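Computed from a predicted structure; not experimentally measured.
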Amino acid sequence: MSSTIRPATGADETLYRPGRWLALSVLVLAVLLVAVDATVLGLATPFLSEDLEPTGNQLLWIGDVYSFVIAGLLVSMGSLGDRIGRKKLLLTGAVAFGAVSVLNAYASTPETMIVARALLGVAGATLMPSTLALIRNIFHDPRERSIAIGIWGAMASAGAAVGPVVGGFLLEHFWWGSVFLINLPVMAVLVVVGAKLLPESKNPAPGPWDLPSVGLSLVGMVAVVYAIKEAASHGPGAVAGAAAVVGGLALYGFVRRQLTLTSPLLDMRLFRHRGFSGAVLADLLTILGLSGLVFFLSQFLQLVQERRPLEAGLAELPAALGAVVTGLMAGAVARRFSVRSVVAGGLAAVGLALAVLTVVDRSTGYPLLGAALLVVGAGAGFSFTVTADVILSSVPKEQAGSASAVSETAYELGAALGIALLGSVVTGVYRGFPIPEGVPGQAAEAAHESLGGAVEVAGSLPGDQAGALVAAAQDSFTEGLRLAAGVGAAVLLATAVAAWFLLRGQRLEERVGH
């Protein structure tokens with residue numbers, strides 16, 4: 001299929017913007033910033049648990065409050081970037097992200113850590129939609145944009161790879177808070193270089209930023225996610241029901257308000273595009289199926305298989321490497337075959353790899369784990385890169401921030417739901433493990449809170465009791481992990497089928513549009 005790209009003339013004079021690839025290198029620093037932060041938390045969790053002694057519920061909040069807040073604010077921040085300028089929002093958010101990372105590093109209580117993670121979510125909400133929106137406005141040629149999006153996705157995966165390795169090294173030599181301080185040099189380079197290289201872009205006729213819509217979006221997203229988390233953790237109840245009602249009403253009010261505003265925060269007409277809606281749904285369900293499992297996999301490698309932090313980080317590299325390779329080639333493959341075959345095939349591969357993880361136990365060798373992680377990364381790289389391209393290609397460049405925010409909201413909402421639902425599956429199974437005879441009641445209660453707590457408590461028990469307690473806790477945690485992998489596999493395979501139908505006839509752009 002030949003391209004119809006023409007030399008840049010007239011209205012297309014910025015088609016091949018000078019320095020666009022250098023500008024892209026700055027944007028991927030922001031992606032690295034967020035990806036590294038997300039992955040190091042999993043490795044740091046055992047150390048954080050030992051130091052701050054959070055309850056099981058607090059530990060889940062530490063893991064997912066970042067995603068809760070960022071999911072609630074992404075649409076608002078994407079729209080704000082369209083209005084005030086994406087470069088301005090990106091650089092401001094980068095400074096805030098670095099500053100709040102220091103607060104995370106020096107948190108001294110579980111409550112402080114939860115607040116710090118929430119504030120990091122506020123800062124993080126400014127970064128991701130800004131990067132994708134700037135790519136949409138810097139790269140006007142569809143084929144170049146596909147390559148740029150592939151690099152963007154690949155660097156996110158590279159961050160997922162670098163995070164555990166660097167984090168593992170830091171955890172073996174410094175305290176757990178040091179894993180957050182690695183954000184600072186990246187942030188500094190981003191701000192200094194980005195101020196010179198990045199072009200400013202925004203909607204030329206944006207209209208006012210509607211604060212009631214911002215409030216409705218935030219309340220609705222956070223309340224709905226909280227309701228699901230609460231129901232998954234403790235079963236349906238008054239608190240979960242009330243949160244669901246509040247969230248549902250807020251989101252209904254948000255949608256109704258967008259349909260009446262002349263300059264809405266989010267143009268709901270975007271969802272009339274079947275390719276746009278299908279890509280967003282694929283992103284949401286894919287991350288839901290993956291994130292909860294990935295969050296607990298680092299604990300499995302360290303606390304069940306007793307690998308050192310650096311070794312655990314290196315063990316997770318195949319997933320990132322697979323995503324980097326397939327992300328770079330995804331656009332070309334989708335044009336050679338079809339969007340739906342690449343997305344559905346990638347999702348099916350991830351689902352089958354997760355299904356393989358349902359057979360793991362404490363003694364499972366690394367070849368099986370490494371192969372499964374490689375397939376997971378390769379499938380996700382194909383799927384996420386192509387769906388991001390579809391979402392950006394479906395809208396005019398003036399709405400790139402809002403469209404990017406929808407894509408990132410689906411990602412973060414899926415992450416929050418995945419940790420809440422699949423994490424609650426793991427936690428629910430884990431808390432039911434039998435305590436060996438002779439273990440004191442207080443120690444038993446601490447051991448049931450988290451696997452890290454069980455390992456810590458075992459250090460104060462006699463040898464036989466300690467060994468029996470740790471073995472029982474490890475077996476129960478692994479059983480929960482297997483069940484979560486099975487749920488994730490079912491979600492991914494179902495999503496692959498849905499993507500096959502929803503993305504029917506969808507193609508990536510071959511020429512300059514809009």
Between [X] (side chain) and [Y] (backbone), is there a donor-acceptor pair under 3.5 Å?
X	Y	answer
E479	Y430	no
Y366	A315	yes
T126	A123	yes
T387	A279	no
S383	G379	no

May I ask you to test the [X]-[Y] pair for a side-chain heavy-atom distance under 4.5 Å?
X	Y	result
V333	F382	yes
R482	V360	yes
M221	F254	no
L301	L369	yes
L368	V359	yes

Heavy-atom closest contact ([X] atom, [Y] atom, distance):
X	Y	value
S217	L251	O-CD2, 4.5 Å
M113	A107	SD-CB, 3.7 Å
V339	L503	CG1-CD1, 4.1 Å
A484	V426	CB-CG2, 3.8 Å
G381	A330	O-CB, 4.3 Å
L347	A282	CD1-CB, 4.4 Å

Working to the nearest 0.5 angstrom, can you tell me the gap between [X] [atom1] and [Y] [atom2]?
X	Y	atom1	atom2	value
D283	T495	CG	OG1	10.5 Å
L481	T358	CG	OG1	10.5 Å
Q305	T478	CD	OG1	8.0 Å
S101	L184	OG	CG	6.0 Å
S338	W500	OG	CH2	5.5 Å
I149	L328	CD1	CG	12.5 Å

Is it true that T364 and D361 share a donor-acceptor pair across their side chains at a distance under 3.5 Å?
yes

V102 and L181: CA distance, side-chain angles, deciding distance, side chain to side chain contact (heavy atoms under 4.5 Å, CB included) verdict
CA-CA 6 Å; V102 177; L181 297 181; 4.3 Å; yes

Apply side chain to side chain contact (heavy atoms under 4.5 Å, CB included) to the pair F97 and L120, showing each step before the final yes or no.
CA-CA 6 Å; F97 199 91; L120 202 64; 3.8 Å; yes

Assess whether side chain to side chain contact (heavy atoms under 4.5 Å, CB included) is satisfied between L469 and F433, documenting all intermediate values.
CA-CA 9 Å; L469 177 65; F433 80 88; 3.9 Å; yes

Taking atom CZ as the centre, does F174 end up with more than 12 heavy-atom neighbours from other residues, nucleotides or ligands that are less than 6.0 angstrom away?
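Counting other residues, nucleotides and ligands, CZ of F174 stays at 12 neighbours or fewer.
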
Do other residues, nucleotides or ligands put more than 12 heavy atoms under 6.0 Å from F271 CZ?
yes

Please step through side chain to side chain contact (heavy atoms under 4.5 Å, CB included) for the pair D475 and V304, ending with a clear verdict.
CA-CA 8 Å; D475 285 338; V304 175; over 6 Å; no

